[in-house]
Amino acid sequence: MLSSKIFSLYSKTKLLKPTLPHFILYNKLKYSNNNNNNNNNNNNNNNQDFENRFFKMSSNNKQTTTTTTSTTTPSTLLNDKTTTPTTPITDNSNSNNNNNNEKFKYTNKLINEKSPYLLKHAHNPVDWLPWGEEAFKIARDNDKLIFLSVGYMACHWCNVMERECFENVEIAKVMNEYCVNIKIDREERPDIDKIYMTYLTEISGSGGWPMSIWLTPQLHPITGGTYFAPEAKYGRPGFPDLIKKLDKLWRKDREMVQERADSFIKFLKEDKPMGNVNNALSSQTIEKCFHQIMKGYDPIYGGYSDAPKFPRCSIFNLLLMTLKESYSKEVGSLDKLVFTLEKMANGGMYDQVGGGFHRYSVTSDWMIPHFEKMLYDNAQLASVYLDAYQITKNPLFERIAKETLEYVSTKLTHPQGGFFSAEDADSLNLESNEKQEGAFYVWSYQDIKKAIGNGEDIEIYSFHHGLIENGNVDPKDDPHNEFKDKNVITIVKSLKETAAYFKKSEEEIEKSLNQSKEKLFNFREQFKPKPQLDDKIIVSWNGLMVSSFCKAYQLFKDERYLNSAIKSIEFIKNNLYNSVGDDNDYNDEEDMVNNCRLIRNYKDGPSKINAFTDDYSFLIQALLDLYQVSFDYKHIEWAMKLQKQQDNLFYDLDNGGYYSTSGLDKSILSRMKEEHDGAEPSPQSISVSNLLKLYAITYNDGYKEKAKKTLENCSLYLEKAPLVFPQMVCSLYLYLNSINTIILSTNSNDNEQKQQLLSILDEIHSNYIPNKLILLNDHSNDSTKQFFEKNTSNLNLSLSTSVYDQTTFSLCNPNGCTIPTNQLEQIKSNLINQIYPKY
């Protein structure tokens with residue numbers, strides 16, 4: 001058997017049968033009523049014995065990226081005297097945060113963590129412990145099951161479970177008596193999340209957050225689910241009752257539970273078969289993935305799936321990359337993508353008042369979102385809209401991209417330059433005095449009137465955005481009555497339609513709409529309680545954001561975008577790139593820098609968590625992008641060092657590809673590879689692209705060989721189900737078609753050549769060229785020349801010269817270059833005829 005996604009893939013396509021007949025504790029029970037991976041737990045009979053019900057269920061399969069904001073209450077103690085007790089705080093020096101802990105009756109060990117999500121649970125009645133040997137030893141010494149709760153700051157249903165269960169003193173007593181309780185921030189520890197989410201999807205067919213898993217003291221999972229209610233519902237036990245029954249099962253039928261728990265470990269260690277490499281690494285794979293994407297297209301509302309609709313940017317990237325292919329033109333994929341992006345931009349998933357995208361849309365029409373705002377979404381979506389603008393010159397796409405970048409700059413940026421992770425879905429509803437999802441973003445009509453006033457402006461705004469007195473949310477889209485009498489602001493009329501209705505010019509309407517938008521923004525900032533900010537800084541997500549700011553700078557030449565990118569990189573290098581060992585372990589400063597390692601995240605200082613593959617790969621991508629706008633060779637230099645470190649820590653020497661973890665943390669049951677492009681691209685997909693770009697820079701065959709081996713390691717997916725891996729298919733496209741390296745030779749000390757360089761760059765960036773890499777040979781910069789001569793075998797670069805003392809353009813690949821030219825018209829011809837046509 002393979003990874004969970006492979007297992008699901010095989011189950012659906014009947015490529016193979018499971019090799020473990022008794023896979024995990026409830027495998028035979030899971031398939032006793034149906035053989036698919038869908039979790040039909042509501043069909044459980046109330047008269048089934050507990051064991052059958054328990055081993056079949058996932059409780060609630062909310063695959064929502066909803067995040068937790070929780071209010072805090074006092075803590076109780078573990079009943080077992082041998083545990084480290086949670087005690088009242090009397091000395092604020094014990095805390096790493098700035099909160100005054102004396103106002104809380106009890107404080108648990110999470111108070112010493114860096115994650116805002118964990119810190120929010122530091123005053124729960126639950127005696128939470130962080131993942132680590134202390135918790136494991138308590139479980140072993142007291143022969144207790146471990147309850148592992150995994151969530152993240154912006155998760156709505158995590159918040160619900162905390163409020164209902166973890167803040168309930170009586171439920172907390174049960175948890176503390178029967179379990180050792182560990183809380184994990186999945187964004188901080190994606191390695192732990194990956195292992196146990198694999199388990200959960202195997203036993204239930206789906207997963208989500210909060211993720212609730214019970215483990216043996218040896219960390220082997222025995223069952224799990226997502227959200228659990230505090231009381232029995234729908235034939236399912238309530239959360240505290242479930243805990244007690246699990247403890248009884250653990251003590252009464254230990255051998256059976258242990259045996260089936262161990263089967264998951266066998267599952268993890270099974271070898272994964274390869275696909276047919278020749279078939280997988282072919283243009284047919286790219287076309288196959290394209291057609292699989294187009295099968296899901298929604299001609300009414302846009303998008304490439306049914307509701308809920310997630311903005312899976314790797315799909316958009318592949319559609320953009322294949323635009324010049326005949327099969328793309330035949331089905332009009334550009335028109336369909338433009339339609340999709342317009343619908344997304346006009347819907348409620350986009351914050352029409354403050355800019356930036358929410359996580360995803362619950363409804364098919366993009367109107368009702370889950371309201372958390374994630375950095376990784378906004379980074380990737382800004383990039384997609386920038387690409388779409390580059391192709392279409394659609395002013396809507398320009399506005400959306402710029403507003404999204406402005407949102408990140410003003411709301412998600414550390415004063416020293418790093419980017420914060422997220423804003424919560426939930427905030428205080430002043431009417432109910434309780435936290436509620438979307439309270440900050442939805443509007444009563446009375447508040448809209450207060451903000452805009454009673455004149456013609458509010459009539460124009462209401463008409464254009466479809467706002468009404470009793471709210472514009474369809475009750476069928478609001479099963480929990482969270483948005484009763486509320487308006488979600490969307491755009492339902494075009495500027496032209498609104499102008500015609502009010503018999504005004506489009507310019508007058510646009511001015512009115514912008515004034516009203518500004519009034520609403522100011523009102524919201526002043527009078528509405530803001531969502532909680534998750535202000536931890538994650539290296540991988542910062543990398544994605546830097547790439548988008550670099551792309552924006554290429555298009556708009558706004559220095560703020562370049563400065564944002566540079567400051568983020570500097571923040572990471574200054575705060576999250578630390579030497580291994582003591583200073584006296586190294587011969588000199590260069591030796592120390594060469595032995596530095598990335599740290600995963602920062603919150604009031606770096607965490608103690610080493611970076612993962614995604615941190616390295618996304619940061620390397622960002623550095624390569626930053627070089628192409630700054631032309632500072634030091635960004636390539638650091639990228640090459642990081643790539644070497646990534647290879648040493650994560651590369652699979654036997655089979656190719658990159659593990660997600662280094663293997664240094666022995667508490668992780670197995671080293672896994674991310675074999676799916678989801679909300680974030682797989683680091684393996686990005687790594688292939690990075691390696692191909694580094695090869696195009698250096699002509700070092702080792703880079704290309706690792707890229708090829710990584711593609712081959714993913715050949716099963718690429719051959720059989722490339723839709724699992726659209727970003728990897730983009731990398732395959734680069735591998736098959738090669739990267740077109742643009743070499744510009746200039747003397748930056750010569751003002752005329754400098755202006756020529758800027759003109760050529762403007763022409764390059766006016767075209768959408770997804771497979772380009774720009775290198776600059778600046779003959780006035782000796783350090784740059786020495787770096788490339790020392791670190792590359794790229795003679796095309798080192799031998800390039802300026803023609804007639806003018807900035808010169810060459811289009812190169814390992815087979816050679818076009819004739820160098822300094823004529824702008826010839827450069828335009830090369831770009832159009834040899835790389836990408838205009839649309």
Side-chain angles (χ1 to χ4, degrees), residues 2-3 5-6 9-10 12-16 271-297 304 312 314-331 333-334 337 652 655-658 673-677 681-696 701-741 769-773 813-815 834-837:
L2 316 175
S3 74
K5 295 184 180 69
I6 287 283
L9 164 65
Y10 287 162
K12 293 175 182 177
T13 60
K14 300 181 180 179
L15 294 174
L16 56 79
D271 291 333
K272 184 190 76 173
M274 300 276 281
N276 184 302
V277 171
N278 290 332
N279 291 341
L281 273 59
S282 70
S283 59
Q284 285 74 28
T285 292
I286 300 170
E287 185 173 355
K288 182 176 183 179
C289 186
F290 173 86
H291 288 302
Q292 287 178 346
I293 292 170
M294 296 309 297
K295 282 182 181 179
Y297 178 69
Y304 299 90
R312 194 176 169 202
S314 56
I315 283 178
F316 302 151
N317 293 338
L318 182 64
L319 294 177
L320 289 164
M321 183 165 277
T322 54
L323 280 176
K324 71 173 183 178
E325 303 299 330
S326 59
Y327 51 79
S328 174
K329 295 177 181 178
E330 287 171 2
V331 299
S333 70
L334 178 58
L337 180 59
D652 182 350
N655 302 300
Y658 289 89
K673 297 174 184 175
E674 184 56 69
E675 295 167 319
H676 174 247
D677 292 314
S682 164
Q684 297 210 94
S685 303
I686 300 302
S687 292
V688 171
S689 174
N690 291 341
L691 290 164
L692 293 172
K693 291 174 184 176
L694 288 169
Y695 171 71
D701 290 333
Y703 290 130
K704 190 171 185 180
E705 184 63 21
K706 283 188 173 65
K708 180 183 178 184
K709 289 292 187 183
T710 303
L711 286 165
E712 290 175 348
N713 186 248
C714 299
S715 59
L716 182 66
Y717 288 105
L718 291 173
E719 181 189 12
K720 301 298 183 182
L723 185 57
V724 171
F725 244 151
Q727 195 64 46
M728 184 66 84
V729 176
C730 290
S731 295
L732 175 63
Y733 188 96
L734 294 181
Y735 175 78
L736 294 176
N737 294 281
S738 77
I739 290 176
N740 286 284
T741 307
I769 311 171
N771 59 339
K772 74 175 184 296
L773 177 73
N813 60 41
N815 297 320
Q834 298 195 40
I835 303 182
Y836 246 72

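Fair warning: this is a prediction, and the values are worked out from it, not measured in the lab.
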Sequence neighbours left out, what passes side chain to side chain donor-acceptor pair (under 3.5 Å) with [X]? Give chain and number order.
X      : result
Asp677 : Ser685
Gln284 : Ser282
Thr741 : none
Ser738 : none

Give the minimum heavy-atom separation between [X] and [Y], together with the two atoms involved.
X      : Y      : answer
Gln292 : Lys720 : NE2-O, 4.3 Å
Ile286 : Leu732 : CG1-CD2, 4.1 Å
Pro726 : Ser314 : CG-OG, 3.3 Å
Glu675 : Gln684 : CG-NE2, 3.9 Å
Lys272 : Cys714 : NZ-CA, 4.4 Å
Leu734 : Pro770 : CD2-O, 4.2 Å

Return the set of residues passing ring-ring contact (aromatic ring centres under 6.0 Å, His included) with [X] (not counting sequence neighbours), or none when no residue passes.
X      : value
Phe316 : none
Tyr703 : none
Tyr695 : Tyr699

How are the rings of Phe725 and Tyr717 set to each other: parallel, tilted or perpendicular (split at 30° and 60°)? perpendicular
Using the rule side-chain contact (heavy atoms from CB on, under 4.5 Å), only one of Lys708, Lys709, Lys706 pairs with Leu691; which is it? Lys706
[X]: side chain to side chain contact (heavy atoms under 4.5 Å, CB included) partners, not counting sequence neighbours:
X      : result
Ser715 : Met274, Val277, Ala280
Asn690 : Ser617, Ile620, Gln621, Leu624, Gln643, Ile686
Asp652 : Asp654, Asn655, Tyr659, Lys673
Asn276 : Asn278, Asn279, Glu719

Just wondering, do [Y] and [X] contact through their side chains at under 4.5 Å, heavy atoms?
X      : Y      : result
Lys704 : Tyr735 : yes
Ile293 : Leu318 : yes
Val688 : Leu711 : yes
Leu323 : Ser333 : yes
Met294 : Tyr304 : yes
Phe290 : Lys295 : no

Is there a side chain to side chain contact (heavy atoms under 4.5 Å, CB included) between Leu773 and Asn740? Walk through the geometry before answering. CA-CA 6 Å; Leu773 177 73; Asn740 286 284; over 6 Å; no
Enter the distance from His676:NE2 to Gln727:CD here, rounded to the nearest 0.5 Å. 12.0 Å
Out of curiosity, Met728 CE to Ser689 OG, how far, rounded to the nearest 0.5 Å? 10.5 Å
If we ignore hydrogens and angles and just use 3.5 Å, is the side chain of Ser682 paired with the main-chain N or O of Glu674 as donor and acceptor? yes
Using the rule given for side chain to side chain contact (heavy atoms under 4.5 Å, CB included), can you reason through Asn771 versus Ile769, listing the C-alpha separation, both sets of side-chain angles and the distance that settles it, and then say yes or no? CA-CA 6 Å; Asn771 59 339; Ile769 311 171; 3.7 Å; yes
